Amino acid sequence: MMSELRLLDKTFSPYLNADEIALRVKHLAEDLERDYASRKVLFVSVLNGAFMFTSDLMKALDLSLEISFIKVSSYEGMASTGKVKEIIGLKNSVEGRHVIILEDIVDTGTTLLKIDEIFKSKNPASLEICTLLFKKSEFKGNTPPKYVGFEIPNKFVVGYGLDYDESGRNLSELYQLKE
Ligand code: IMP
Ligand code: MG
């Protein structure tokens, strides 16, 4: 049973439990296996938030693939700063590859836009986004992510890799800020 959670100065309510997340991750893996059956995929996971999602999704996937990790930052505390720094950590060659970016959450899409721009300039054969969570109402971009775990309302969430001021990333479940 999930119960209310206190992190730093805020209280969070149970939102999605580990079984619900695992089931959705399994279905995402099935979608990807179907769409990429004959292609080798380069998964690019955006740290830190996507680490748990990446781990579970990769274990659920039966595909020929490579995994790479990158870092960007655009968020401090609970409000989007909109400031995206450079991408660091990309060692793999992207040209001619089928690339899927793995994100924990797409909110306004500022982060995604920047990543998308940088990757497109490296001439991949194809480029898609797979995100665990999508705050659709807040999205300001033109192209929404193709693979979405859960569309969620505009409420702050924490757990399963996502943090509130660096706390809560280790939780197996997702919690939502209590009003
Ligand atoms: P965007 O650039 O506005 O799309 O914000 C994306 C980034 O903001 C994500 O990668 C997260 O790090 C962070 N973020 C957005 N919403 C939440 C949330 O509800 N909880 C935790 N982090 C969030
Ligand atoms: Mg993130």
Side-chain angles (χ1 to χ4, degrees), residues 2-18 20-22 24-25 28 42-58 67-90 99-121 127-179:
M2 293 169 75
S3 46
E4 220 168 73
L5 171 81
R6 189 86 186 151
L7 278 179
L8 306 174
D9 59 336
K10 298 272 188 291
T11 305
F12 293 84
S13 307
Y15 184 47
L16 294 168
N17 69 37
E20 292 168 313
I21 298 170
R24 190 66 194 106
V25 168
L28 275 176
L42 171 61
F43 284 96
V44 178
S45 171
V46 185
L47 295 173
N48 295 326
F51 84 94
M52 210 175 273
F53 174 48
T54 301
S55 172
D56 286 345
L57 183 68
M58 293 302 103
I67 312 166
S68 185
F69 296 87
I70 60 167
K71 230 173 166 169
V72 293
S73 71
S74 70
Y75 226 73
E76 267 154 37
M78 311 222 338
S80 183
T81 61
K83 272 181 256 152
V84 179
K85 293 176 194 154
E86 279 310 287
I87 284 175
I88 55 163
L90 187 70
V99 177
I100 301 178
I101 311 278
L102 297 176
E103 269 278 24
D104 52 351
I105 185 165
V106 176
D107 184 7
T108 62
T110 312
T111 311
L112 193 63
L113 205 72
K114 180 77 181 179
I115 294 171
D116 209 59
E117 199 178 280
I118 292 171
F119 274 84
K120 273 184 183 144
S121 74
L127 180 63
E128 298 293 351
I129 311 295
C130 175
T131 184
L132 178 71
L133 305 172
F134 183 33
K135 288 182 179 170
K136 197 179 182 180
S137 65
E138 303 311 296
F139 187 64
K140 307 234 167 9
N142 297 317
T143 319
K146 178 164 181 185
Y147 301 96
V148 174
F150 301 94
E151 274 183 19
I152 65 167
N154 185 26
K155 279 190 184 167
F156 193 81
V157 290
V158 74
Y160 198 72
L162 291 96
D163 71 304
Y164 166 47
D165 271 352
E166 297 306 326
S167 288
R169 290 195 196 278
N170 58 308
L171 299 162
S172 315
E173 314 87 8
L174 277 157
Y175 292 79
Q176 198 174 51
L177 182 66
K178 200 179 167 187
E179 305 300 320

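Just so you know, these numbers use all the heavy atoms, side chains as well, and skip hydrogens, waters and symmetry mates. In listed order, ligands and their atoms are each counted from 1. None of the values given here were measured: they were computed from a predicted structure.
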What closest approach, in Å, do Val72 and Thr111 show between heavy atoms, and which atom pair accounts for it? CG2-CG2, 3.5 Å

Which atoms form the tightest heavy-atom contact between Phe150 and Glu20, and what is the distance? CZ-O, 3.7 Å

Any donor-acceptor pair under 3.5 Å linking the side chain of Lys120 with the backbone of Ile118? no

Could you measure the distance from the CG atom of Leu42 to the CD1 atom of Ile100? Nearest 0.5 Å is fine. 9.0 Å

Determine whether any heavy atom of Val158 lies closer than 4.0 Å to an atom of ligand 1. no

Considering only heavy atoms of Glu103, which atoms of ligand 1 have at least one such atom less than 4.0 Å away? 10 (O)

Within a radius of less than 6.0 Å around CG of Asn142, do more than 12 heavy atoms belonging to other residues, nucleotides or ligands occur? no

Heteroatom proximity flag, Phe156 to ligand 1, N/O under 3.5 Å: no

For atom 3 (O) of ligand 1, tell me which residue out of Ile115, Leu47, Thr108 has the closest non-hydrogen atom. Thr108

Would you kindly specify which portion of Glu138 sits under 4.0 Å from ligand 1, judged on non-hydrogen atoms: side chain, backbone, both or neither? neither

With a 4.0 Å cut-off on heavy atoms, does Leu162 reach ligand 1? yes

Could you tell me how the ring of Phe12 sits relative to the ring of Tyr164: parallel (under 30°), tilted (30 to 60°) or perpendicular (over 60°)? tilted

side-chain contact (heavy atoms from CB on, under 4.5 Å) between Thr54 and Phe69, intermediate numbers included: CA-CA 10 Å; Thr54 301; Phe69 296 87; 4.1 Å; yes

Is there a nitrogen or oxygen of Gly109 sitting under 3.5 Å from a nitrogen or oxygen of ligand 1? yes

Is the contact between Asp163 and ligand 1 made by the side chain, the backbone, both, or neither, using heavy atoms and a 4.0 Å cut-off? backbone

Within the 4.0 Å heavy-atom shell around Ile105, which atoms of ligand 1 are there? 6 (C), 9 (C), 10 (O), 11 (C), 14 (N), 15 (C), 16 (N), 17 (C), 18 (C), 19 (O), 23 (C)

